[in-house]
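Here the structure is a predicted model, which is why all the values come from computation and not from measurement.
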Amino acid sequence: QVDLVESGGGSVQAGGSLRLSCAASGYTDFRYCMGWFRQAPGKEREGVAVIYTGGGGPYYADSVKGRFTITQDDAWNSVHLQMNSLKSEDAAMYYCAARRSNCDSVSWKIDTSFNNWGQGTQVAVSS
């Protein structure tokens with residue numbers, strides 16, 4: 001079991017930036033597909049970006065490419081999501097997720113393929 005704790009959410013005006021962080025503990029090794037999903041009210045949870053802590057990826061949703069960047073720190077136990085040029089449609093609860101496998105271009109978008117989740121951090125974007 002991996003414990004995930006998100007931080008960095010908040011409220012920002014459209015066009016602004018936020019940086020989300022996810023701290024992980026309880027790893028058995030450092031080879032995890034980790035990243036971010038989001039869910040807005042009335043909508044399904046969707047994949048935003050993931051990275052393989054063993055070296056690989058990242059993968060991004062088309063809606064965030066060129067605006068969001070996912071990175072991991074050198075200790076491989078934290079991932080970060082830099083969100084720039086935020087839009088009103090980016091507003092959602094953002095969840096950190098992890099699974100002990102590689103990331104691939106298809107399954108990374110499937111939330112049920114991840115078995116470790118954080119509690120979420122809220123992102124609000126005002127226009």
Side-chain angles (χ1 to χ4, degrees):
Q1 182 69 27
V2 177
D3 294 322
L4 304 173
V5 179
E6 303 98 335
S7 61
S11 181
V12 66
Q13 287 190 327
S17 299
L18 283 174
R19 186 173 186 257
L20 306 183
S21 294
C22 175
S25 60
Y27 276 118
T28 58
D29 58 50
F30 296 113
R31 292 168 291 179
Y32 280 80
C33 181
M34 283 185 64
W36 298 89
F37 284 74
R38 67 186 181 187
Q39 188 168 22
K43 294 187 177 181
E44 293 186 353
R45 188 160 53 185
E46 63 172 350
V48 177
V50 296
I51 192 168
Y52 179 51
T53 59
Y59 297 100
Y60 295 96
D62 289 343
S63 59
V64 307
K65 283 180 180 177
R67 301 187 297 121
F68 291 12
T69 303
I70 187 169
T71 57
Q72 64 182 69
D73 65 12
D74 291 341
W76 303 333
N77 61 358
S78 292
V79 294
H80 311 282
L81 186 68
Q82 178 66 42
M83 305 186 296
N84 298 327
S85 302
L86 282 160
K87 305 176 181 180
S88 57
E89 51 262 44
D90 295 318
M93 183 70 81
Y94 282 70
Y95 297 93
C96 182
R99 70 185 191 201
R100 192 182 174 191
S101 71
N102 201 351
C103 300
D104 66 82
S105 61
V106 176
S107 71
W108 81 267
K109 300 177 184 179
I110 303 172
D111 59 350
T112 54
S113 72
F114 289 79
N115 58 343
N116 298 281
W117 292 88
Q119 293 300 308
T121 185
Q122 187 73 45
V123 171
V125 183
S126 59
S127 56

Using atom types as modelled, flag every donor-acceptor pair under 3.5 Å from a side chain in residues 40-47 to any protein atom, sequence neighbours excluded.
from: R45; atom 1: NE; to: D111; atom 2: OD2; distance (Å): 3.2
from: R45; atom 1: NH2; to: D111; atom 2: OD2; distance (Å): 3.4
from: E46; atom 1: OE2; to: R38; atom 2: NE; distance (Å): 2.6
from: E46; atom 1: OE2; to: R38; atom 2: NH2; distance (Å): 3.1

Sequence neighbours left out, cut at 3.5 Å: what donor-acceptor pairs do the side chains of residues 115-127 make with other protein atoms?
from: N116; atom 1: OD1; to: Q1; atom 2: NE2; distance (Å): 3.4
from: N116; atom 1: OD1; to: V2; atom 2: N; distance (Å): 3.0
from: N116; atom 1: ND2; to: A98; atom 2: O; distance (Å): 3.3
from: W117; atom 1: NE1; to: F114; atom 2: O; distance (Å): 3.1
from: T121; atom 1: OG1; to: G9; atom 2: N; distance (Å): 3.2
from: Q122; atom 1: NE2; to: A92; atom 2: O; distance (Å): 3.3

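Grouping the Ile, Leu, Val, Met, Phe, Trp and Tyr side chains by contacts below 4.5 angstrom, directly or via other members, places I70 with M83. Residues L81 and V64 fall within the same hydrophobic cluster, defined by Ile, Leu, Val, Met, Phe, Trp and Tyr side chains chained together at heavy-atom separations under 4.5 Å.
Annotation: side-chain hydrogen bond (donor to acceptor under 3.5 Å, both in side chains) contacts of S17 (sequence neighbours excluded): N84. Listed by chain and number, the residues in a side-chain hydrogen bond (donor to acceptor under 3.5 Å, both in side chains) with K65 are D62 (sequence neighbours excluded). Residues passing the side-chain hydrogen bond (donor to acceptor under 3.5 Å, both in side chains) test with S107, sequence neighbours excluded: R99, D104. S21 is linked by a side-chain hydrogen bond (donor to acceptor under 3.5 Å, both in side chains) to H80, counting only residues two or more places apart in sequence or in another chain.
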key: Step-by-step side chain to side chain contact (heavy atoms under 4.5 Å, CB included) determination, S63 to E89   = CA-CA 9 Å; S63 59; E89 51 262 44; over 6 Å; no
Side chain to side chain contact (heavy atoms under 4.5 Å, CB included) between W108 and I51, intermediate numbers included = CA-CA 9 Å; W108 81 267; I51 192 168; over 6 Å; no
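No donor-acceptor distance shorter than 3.5 angstrom exists from the side chain of T69 to the backbone of Q82, with no hydrogens or angles considered.
Atoms OG and OH, from S101 and Y52 in turn, are 8.0 Å apart once rounded to the nearest 0.5 Å.
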